[in-house]
Amino acid sequence: MAGEPQADCLFCKIVAKEVPATVVSESETTLAFRDINPQAPTHVLVIPKAHYADAAALAAAEPQIAGDVLREAGEVAVGEGLGETGYRIVFNTGSGAGQTVFHAHAHVLGGRGLNWPPG
Ligand code: 5GP
Ligand code: ZN
């Protein structure tokens with residue numbers, strides 16, 4: 001069923017605490033944890049606890065939870081001290097755009113200069 005945990009999904013395993021992660025914050029519907037291979041001084045992933053393959057699928061099925069992910073991303077950024085300097089929220093979507101984990105996730109990046117347009 002849509003949104004149900006997937007046995008072969010790394011981020012579902014992190015939600016289930018079967019794989020450890022450095023958790024930054026958590027809500028009823030979302031989990032924020034540090035990226036294992038950070039690309040900036042702050043690099044946090046914010047995911048819905050429910051399984052959807054990407055951000056668009058999440059928004060189509062559960063718009064409220066998509067909003068929860070965005071709110072959590074902003075709160076994480078402020079909590080990491082990025083509220084003044086700015087930060088970037090990225091949803092890689094599809095393998096051609098660099099998506100490697102097919103459980104929707106926002107990257108929250110900051111703490112260094114961020115080029116535009118991104119590579
Ligand atoms: P994507 O490439 O799909 O946009 O992002 C997936 C992210 O998950 C990558 O930045 C990668 O470093 C991160 N990642 C992959 N495996 C793990 C893991 O086991 N733990 C954590 N915390 N992050 C992971
Ligand atoms: Zn999943």
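Because the structure is predicted, anything quoted here is derived from the model rather than measured. Read the numbers this way: they start at 1 and go in the same order the structure lists the ligands and their atoms.
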Nearest 0.5 Å, please: how far is CG in Asn92 from NE2 in His107?
4.5 Å
If you draw a 6.0 Å radius around CD in Glu28, do more than 12 non-hydrogen atoms from other residues or ligands fall strictly inside?
no
Can any side-chain N or O of Gln99 pair as donor or acceptor with the backbone N or O of Val101 at less than 3.5 Å?
yes
Give the atom numbers and elements of ligand 1 that come within less than 4.0 Å of a heavy atom of Asn92.
4 (O)
Tell me, which pairs form a salt bridge (charged side-chain N to carboxylate O under 4.0 Å, His left out) where one or both residues lie in residues 90-107, sequence neighbours left out?
none
If you group Ile, Leu, Val, Met, Phe, Trp and Tyr by side-chain heavy-atom gaps below 4.5 Å, do Leu70 and Leu58 land in one group?
yes
Quick one: does ligand 1 sit under 4.0 Å from the side chain of Phe33, the backbone, both or neither, non-hydrogen atoms only?
side chain
Are the side chains of Glu62 and Pro48 in touch, meaning some heavy atoms are under 4.5 Å apart?
no
Nearest-neighbour protein heavy atom for atom 5 (O) of ligand 1, which is reported as residue plus atom name and distance:
His105 NE2, 3.0 Å
For the Zn ion (ligand 2), state how many protein N, O or S atoms fall inside a distance shorter than 2.8 Å.
4
Taking only residues at least two apart or on different chains, which pairs with a member in residues 18-38 satisfy ring pair (Phe, Tyr, Trp, His ring centres under 6.0 Å)?
Phe11-Phe33
Are Ile47 and Val24 connected in a single hydrophobic cluster, I mean Ile/Leu/Val/Met/Phe/Trp/Tyr linked by side-chain heavy atoms less than 4.5 Å apart?
no
What residue and heavy atom of the protein are closest to atom 10 (O) of ligand 1, and at what distance?
Asp35 OD2, 2.5 Å
Numbered atoms and elements of ligand 1 in range of Asn37, under 4.0 angstrom, heavy atoms:
12 (O)
Side chain or backbone of Thr22 under 4.0 Å from ligand 1, or both, or neither, by non-hydrogen atoms?
neither
Protein residue, atom and distance nearest to atom 3 (O) of ligand 1, heavy-atom basis:
Thr100 N, 2.7 Å
With a 4.0 Å cut-off on heavy atoms, is Gly98 touching ligand 1?
yes
Around Glu18, counting heavy atoms of other residues, nucleotides and ligands shown, do more than 12 lie under 6.0 Å from its CD?
yes
Polar proximity ligand 1 side, Val19 side, N/O cut 3.5 Å exclusive:
no
I need the minimum non-hydrogen distance between Asn37 and His43, along with the two atoms involved.
O-ND1, 4.1 Å
Give a yes/no verdict on whether any heavy atom in Phe11 is under 4.0 Å from an atom of ligand 1.
yes
If you have a sec, work out which protein heavy atom is nearest atom 23 (N) of ligand 1 and how many Å separate them, to one decimal?
Ile36 N, 3.3 Å
Contact with ligand 1 for Gln39, non-hydrogen, under 4.0 angstrom
no
Can you report which non-hydrogen protein atom sits closest to atom 16 (N) of ligand 1, along with the distance?
Leu10 CD2, 3.3 Å
Side chains of residues 108-119: which donor-acceptor partners sit under 3.5 Å, not counting sequence neighbours?
unit_1	atom_1	unit_2	atom_2	d
Arg112	NE	Gln39	O	3.0
Arg112	NH2	Gln39	O	2.8

So between Gln99, Lys13, His107, His103, whose heavy atom ends up nearest atom 4 (O) of ligand 1?
His107
Decide ring pair (Phe, Tyr, Trp, His ring centres under 6.0 Å) for His103 and His105; before the verdict, give the C-alpha distance in whole Å, the side-chain angles of both, and the deciding distance to 0.1 Å.
CA-CA 6 Å; His103 179 130; His105 53 280; 7.9 Å; no
Can you list the steps and then say if Glu26 with Leu31 is a side chain to side chain contact (heavy atoms under 4.5 Å, CB included)?
CA-CA 4 Å; Glu26 185 170 6; Leu31 183 68; 3.8 Å; yes
of all protein heavy atoms, closest to atom 22 (N) of ligand 1 is Arg34 O, 2.9 Å
